[in-house]
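Okay, structure first, notes after.
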Amino acid sequence: MRWWDIEPVLELERELFPEDAWSAGMFWSELAHGRGPHATRRYVVAEDPAGRLVGYAGLAAAGGLGDVQTIATARDQWGTGLGARLLTDLLRHATAFECSEVLLEVRVDNTRAQRLYERFGFEPIGFRRGYYQPGNVDALVMRLTEPSSVPVPVQGTEIHG
């Protein structure tokens with residue numbers, strides 16, 4: 001993801017997460033940590049063959065721990081494997097960041113995403129009550145202890161950092 005991707009990412013963010021969408025400032029802050037020899041972030045976007053942004057994802061890493069910050073795909077991409085390709089990219093970079101485990105939070109009512117994470121080996125470890133605001137929706141916290149055992153990604157939509 002680059003600065004010029006922020007506006008199309010925000011459009012998709014607002015469509016998918018109307019109650020708790022990230023702001024431009026949040027993405028700018030994350031991207032500031034994504035370049036150079038001391039980078040601690042990996043943010044990617046996915047584009048369809050026509051160049052339309054159809055997904056994005058982000059990872060933060062520190063002290064051997066990775067955290068999936070965000071992952072989203074356009075509704076017309078659901079069921080295509082794009083979410084798995086985005087997650088594969090993040091987990092490969094978690095390995096490059098030398099993370100021994102990766103955490104994430106997912107809405108308790110987002111069973112589709114939970115199934116994706118479970119396919120990759122994430123396991124539930126707890127809840128964060130009222131994590132998603134202003135809707136006061138709980139988050140399920142999940143952990144993967146072997147990010148280096150990532151499956152080979154399926155070819156398709158172009159993903160780039």
Side-chain angles (χ1 to χ4, degrees), residues 1-17 20-107 110 112-122 132 139 141-161:
M1 184 184 296
R2 301 285 201 268
W3 66 266
W4 54 81
D5 295 313
I6 291 177
E7 198 53 46
V9 163
L10 287 173
E11 289 176 25
L12 187 54
E13 177 83 359
R14 287 186 291 261
E15 176 188 329
L16 296 172
F17 310 111
D20 51 7
W22 282 25
S23 68
M26 293 170 78
F27 281 107
W28 275 103
S29 177
E30 289 295 293
L31 291 181
H33 299 284
R35 299 280 180 251
H38 303 292
T40 59
R41 303 292 193 274
R42 168 71 174 172
Y43 275 78
V44 295
V45 294
E47 296 177 340
D48 67 12
R52 179 178 68 105
L53 190 137
V54 293
Y56 58 90
L59 173 81
L65 179 65
D67 191 77
V68 174
Q69 300 292 294
T70 187
I71 186 167
T73 63
R75 284 187 174 90
D76 66 347
Q77 298 294 308
W78 291 1
T80 67
L82 178 56
R85 291 191 301 277
L86 289 166
L87 185 56
T88 296
D89 183 271
L90 295 184
L91 295 178
R92 288 202 167 159
H93 281 83
T95 299
F97 283 132
E98 298 182 355
C99 297
S100 59
E101 63 182 14
V102 177
L103 298 172
L104 60 80
E105 293 91 14
V106 59
R107 290 174 63 108
N110 191 344
R112 183 181 50 81
Q114 290 172 32
R115 285 191 305 270
L116 169 67
Y117 302 138
E118 288 169 353
R119 283 196 332 255
F120 276 75
F122 281 85
Y132 293 99
V141 181
M142 301 181 81
R143 177 178 57 204
L144 175 66
T145 55
E146 288 296 326
S148 61
S149 62
V150 175
V152 176
V154 178
Q155 297 301 314
T157 308
E158 179 183 343
I159 296 174
H160 56 89

Anything under 3.5 Å between a donor and an acceptor, one on a side chain of residues 54-69, the other on a protein residue two or more places apart or in another chain? List them.
{"from": "Tyr56", "atom 1": "OH", "to": "Glu13", "atom 2": "OE1", "distance (Å)": "2.2"}
{"from": "Asp67", "atom 1": "OD2", "to": "Gln69", "atom 2": "NE2", "distance (Å)": "2.6"}
{"from": "Gln69", "atom 1": "NE2", "to": "Asp67", "atom 2": "O", "distance (Å)": "3.4"}

Legend entry - Residue list, side chain to side chain donor-acceptor pair (under 3.5 Å) with Glu15, at least two apart or on another chain: Arg75
Legend entry - Leu87 side, atom CG; Ile71 side, atom CD1 - distance, nearest 0.5 Å: 5.0 Å
Legend entry - Residue pair Glu105 / Val141: nearest heavy atoms and the distance that separates them: CG-CG2, 4.2 Å
Inset, instruction - Could you please spell out the steps behind the side chain to side chain contact (heavy atoms under 4.5 Å, CB included) verdict for Phe122 and Val102? - result: CA-CA 8 Å; Phe122 281 85; Val102 177; 4.0 Å; yes
Legend entry - Partners passing side-chain contact (heavy atoms from CB on, under 4.5 Å) against Arg112 (at least two apart in sequence or in another chain): Trp78, Asn110, Arg115
Legend entry - Partners passing side-chain contact (heavy atoms from CB on, under 4.5 Å) against Arg14 (at least two apart in sequence or in another chain): Glu7, Leu10, Glu11, Ala21
Inset, instruction - Please name the pair of heavy atoms, one in Tyr132 and one in Ala139, separated by the smallest distance, quoted to 0.1 Å. - result: CE1-CB, 3.5 Å
Inset, instruction - Quick one: closest heavy-atom pair of Leu12 and Ala74, and the distance? - result: CD1-CA, 3.8 Å
Inset, instruction - Check whether any side-chain heavy atom of Leu90 sits under 4.5 Å from a side-chain heavy atom of Phe120, and report yes or no. - result: no
Legend entry - CD1-CG distance between Ile6 and Leu53, expressed to the nearest 0.5 angstrom: 11.5 Å
Legend entry - Closest approach of Leu86 to Ala46 (non-hydrogen atoms, all atoms of both residues): CD2-CB, 4.3 Å
Legend entry - Residues forming a side-chain contact (heavy atoms from CB on, under 4.5 Å) with Thr145, sequence neighbours excluded: Glu101, Arg143
Inset, instruction - For Ser100 and Pro147, work out which heavy atoms get closest and say how close. - result: O-CD, 3.6 Å
Legend entry - Non-hydrogen side-chain atoms of Glu118 and Met142 separated by less than 4.5 Å: yes
Legend entry - Close side-chain approach of Val44 and Arg42, heavy atoms under 4.5 Å: yes
Less than 3.5 Å apart, which donor and acceptor atoms pair up between the side chains of residues 25-32 and the rest of the protein, not counting sequence neighbours?
{"from": "Glu30", "atom 1": "OE1", "to": "Arg41", "atom 2": "NE", "distance (Å)": "2.8"}
{"from": "Glu30", "atom 1": "OE1", "to": "Tyr43", "atom 2": "OH", "distance (Å)": "2.8"}
{"from": "Glu30", "atom 1": "OE2", "to": "Arg41", "atom 2": "NE", "distance (Å)": "3.4"}

Legend entry - Shortest non-hydrogen contact between Val106 and Ala113, atoms and distance: CG2-CB, 3.8 Å
